Amino acid sequence: MTSYGHHSRSKTSLHGDSYDDRHHRSSCREFKHKFSSKKSSTAAYRSQLPIEPVSFLFSVIEYEVSYGNSPAPRDQWDNILPPLTKNGYRLASEAPVFRYRDGIVSEAPEYVWRRLVEGQPGGIFRHEHGQFVGQAFHYKAHSIFACSPCLPFIVADGDISLYDSYMRHVGEHGTNAYIEDSARCWHMLHFDHNSGISQANGESYGHPWVAGRNPSWMPSLVPKVFRNHKEPQTLSRGLSGEISIVIGLMAFHSPPRYPGLVFEQQCWTHNSWLGPSSAPVYYPPQADAVPRGFLVHVCLDLYQAPGVSPEHYSEHYTNQTANISEFEANGAWVRDVGTH
């Protein structure tokens, strides 16, 4: 890995003095106050965790979209889609980074997300005294868009601003027609079911509805159109699956241009959602609105220093990757209220 020169980072607030939605800043703190009388102590919570901690870094970067002089593309049901060419997207060159560790989400000021070369993938970089000293190991990334009430979420693997893309069509007899590499394909949000836990995925496998009845995180994180009408006997136990998708669902509660606000406010902590119980007010409001979306980049809480071989980190890399993957498959990033 090459070392990088000095890149200054502003120490001012993410929002600046001009940001006037100040009631939103305190909303999660108010929810946390109400929740504190119901939850166990932190010590009791930690006693339920596996011995090996689950820890990772993540950043949420909002896409700015443009269709140029062309009409917006539409799917086979006439829903407006995000741009299908990579030049229809712009990303900020820098974004804040957050850390998840044992259920606690906090800012990670020693890291920053940056795209160092236009047209190349961005990364999460560690900096000390204004100098970059290493790059965090990539875990996964997804692009997630809310398009309209009729097309709530579509998901693509990786950073869609690096690829031309297409919308996955339903082929003849209900089969799925793949035209290109699925990494450049938009898929509708689906869920695998695991004993009442809804496992979100961006590859259209599983079900277009959640596991179990009455999830406490609906409609706050997942719209009611995904509710389960087929398994009334199963009680919802939580939301899990691909962590970059779950983080993206949370980010829609942040206002435009400030996608990290809900994490700065700790609306997600102790694997509980403490933010608003209602649907995000920042979804596209009607069918003809411009879709809104994010790149969510997740890395290990481990960085490679310049000049050091990746093999030096192999044991830590393997352990951290396995811990996150295991939690995606068998844990709940958001527990239902009343479950453990």
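Because the structure is a prediction, the values reported are computed rather than measured.
Taking the six-membered ring wherever Trp is involved, the centroid distance between the rings of F56 and W333 falls below 6.0 Å. In this structure, Y283 has its ring center under 6.0 Å from that of F153.
Of all non-hydrogen atoms in L57 and A108, the two that sit nearest each other are CD2-CB, 4.3 Å. Looking at every heavy atom in both residues, Y313 comes nearest to A305 through OH-N, 3.0 Å. Minimum heavy-atom separation, D192 to G206: OD1-CA, 3.4 Å. Among all heavy-atom pairs drawn from V155 and I144, the shortest one is CG2-CG1, 4.1 Å. Pairing each heavy atom of P284 with each of P291, the nearest pair is CG-CA, 4.1 Å. Residues Q266 and V105 share a closest heavy-atom pair of NE2-O, 2.9 Å.
Rounded to the nearest 0.5 angstrom, E62 CD and R292 CZ are separated by 4.0 Å. Going from atom CG of L295 over to atom CZ of F145 covers 10.0 Å, rounded to the nearest 0.5 Å. Atom-to-atom distance recorded for K86:NZ and S165:OG is 11.5 Å, nearest 0.5 angstrom. For the atom pair CG (D75) and CE (M188), the distance works out to 7.5 Å, reported to the nearest 0.5 Å. Here S244 contributes atom OG and D157 contributes atom CG; the two are 8.0 Å apart, rounded to the nearest 0.5 Å. Within the model, atoms OG of S59 and CD1 of I124 stand 5.5 Å from one another, a figure rounded to the nearest 0.5 Å.
Residues W186 and L84 have side chains in contact (heavy-atom distance under 4.5 Å, counting atoms from C-beta outward). Residues P121 and H297 have side chains not in contact (no heavy-atom distance under 4.5 Å, counting atoms from C-beta outward). Annotation: side chain of V246 is not in contact with side chain of S240 (no heavy-atom distance under 4.5 Å). Side-chain contact between F263 and I247 is present, with heavy atoms from C-beta onward closer than 4.5 Å. Looking at S198 and F226, their side chains never come closer than 4.5 Å, going by heavy atoms from C-beta outward. Side chains of L189 and L249 form a contact here, defined as non-hydrogen atoms less than 4.5 Å apart. A heavy-atom distance below 4.5 Å is found between the side chains of R115 and L162. With contacts defined as side-chain heavy-atom distances shorter than 4.5 Å, the pair W273/H253 qualifies.
Partners of A329 by side chain to side chain contact (heavy atoms under 4.5 Å, CB included), not counting sequence neighbours: none found. Scanning for salt bridge (Lys or Arg N to Asp or Glu O under 4.0 Å) contacts around R99 gives E110, D301, with sequence neighbours left out. Partners of E128 by side chain to side chain contact (heavy atoms under 4.5 Å, CB included), not counting sequence neighbours, listed by chain and number: R126, V133, Y303.
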- Task: Go through the steps for N271 and V334 under the test side chain to side chain contact (heavy atoms under 4.5 Å, CB included), then give the verdict.
- Result: CA-CA 5 Å; N271 290 343; V334 180; over 6 Å; no

- Query: Can you check side chain to side chain contact (heavy atoms under 4.5 Å, CB included) on R114 and E94, steps first, answer last?
  - Reply: CA-CA 5 Å; R114 287 188 64 91; E94 184 174 303; 2.5 Å; yes

- Just do the side chain to side chain contact (heavy atoms under 4.5 Å, CB included) check on L91 and D159 with the steps written out, would you? CA-CA 10 Å; L91 285 173; D159 178 357; 3.6 Å; yes

- Message: Between W209 and H193, does the side chain to side chain contact (heavy atoms under 4.5 Å, CB included) criterion hold? Intermediate values first, please.
- Response: CA-CA 9 Å; W209 57 82; H193 295 178; 3.4 Å; yes

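Side chain of S254 to main chain of V262: a donor-acceptor pair is present (N/O by atom type, distance under 3.5 Å, no hydrogens or angles). In terms of modelled atom types and a separation under 3.5 Å, the side chain of R335 and the main chain of H270 share a donor-acceptor contact. Counting only distance, with no hydrogens or angles, the side chain of S272 and the backbone of L274 share no donor-acceptor pair below 3.5 Å. With hydrogens and angles disregarded, a donor-acceptor distance shorter than 3.5 Å links the side chain of N228 to the backbone of V210. Looking at Y63, its side chain does come within 3.5 Å of a backbone N or O of I160 through a donor-acceptor pair. Judged by distance alone, with hydrogens and angles left aside, the side-chain atoms of Q304 form a donor-acceptor pair with the main-chain N or O of V308 at under 3.5 Å. Of the possible donor and acceptor atoms, none in the side chain of R101 sits under 3.5 Å from a partner among the backbone N and O of P53. Looking at S325, its side chain never comes within 3.5 Å of a backbone N or O of A322 through a donor-acceptor pair. At distances below 3.5 Å, at least one donor-acceptor pair connects side-chain atoms of Y89 with backbone N or O atoms of P83.
Within a 6.0 Å radius of CD in Q286, other residues, nucleotides and ligands contribute more than 12 heavy atoms. For Y317, the OH atom sits in a loose shell: 12 or fewer heavy atoms of surrounding residues, nucleotides or ligands are nearer than 6.0 Å. More than 12 heavy atoms of other residues, nucleotides or ligands lie within 6.0 Å of NE2 in H138, so this atom counts as buried by the packing criterion.
Of the candidates F294, Y282, Y258, F252 forms a ring pair (Phe, Tyr, Trp, His ring centres under 6.0 Å) with just one, namely F294.
The aromatic rings of W268 and F58 sit tilted relative to each other, their planes meeting at an angle between 30° and 60°.
The cluster map of Ile, Leu, Val, Met, Phe, Trp and Tyr, joined by side-chain heavy atoms under 4.5 Å apart, puts I243 and L302 in the same cluster. There is no path of hydrophobic side-chain contacts, each under 4.5 Å, that joins W217 to I197. Under a hydrophobic clustering in which Ile, Leu, Val, Met, Phe, Trp and Tyr are joined whenever their side-chain heavy atoms come within less than 4.5 Å, directly or via other members, Y205 and L239 fall into different clusters.
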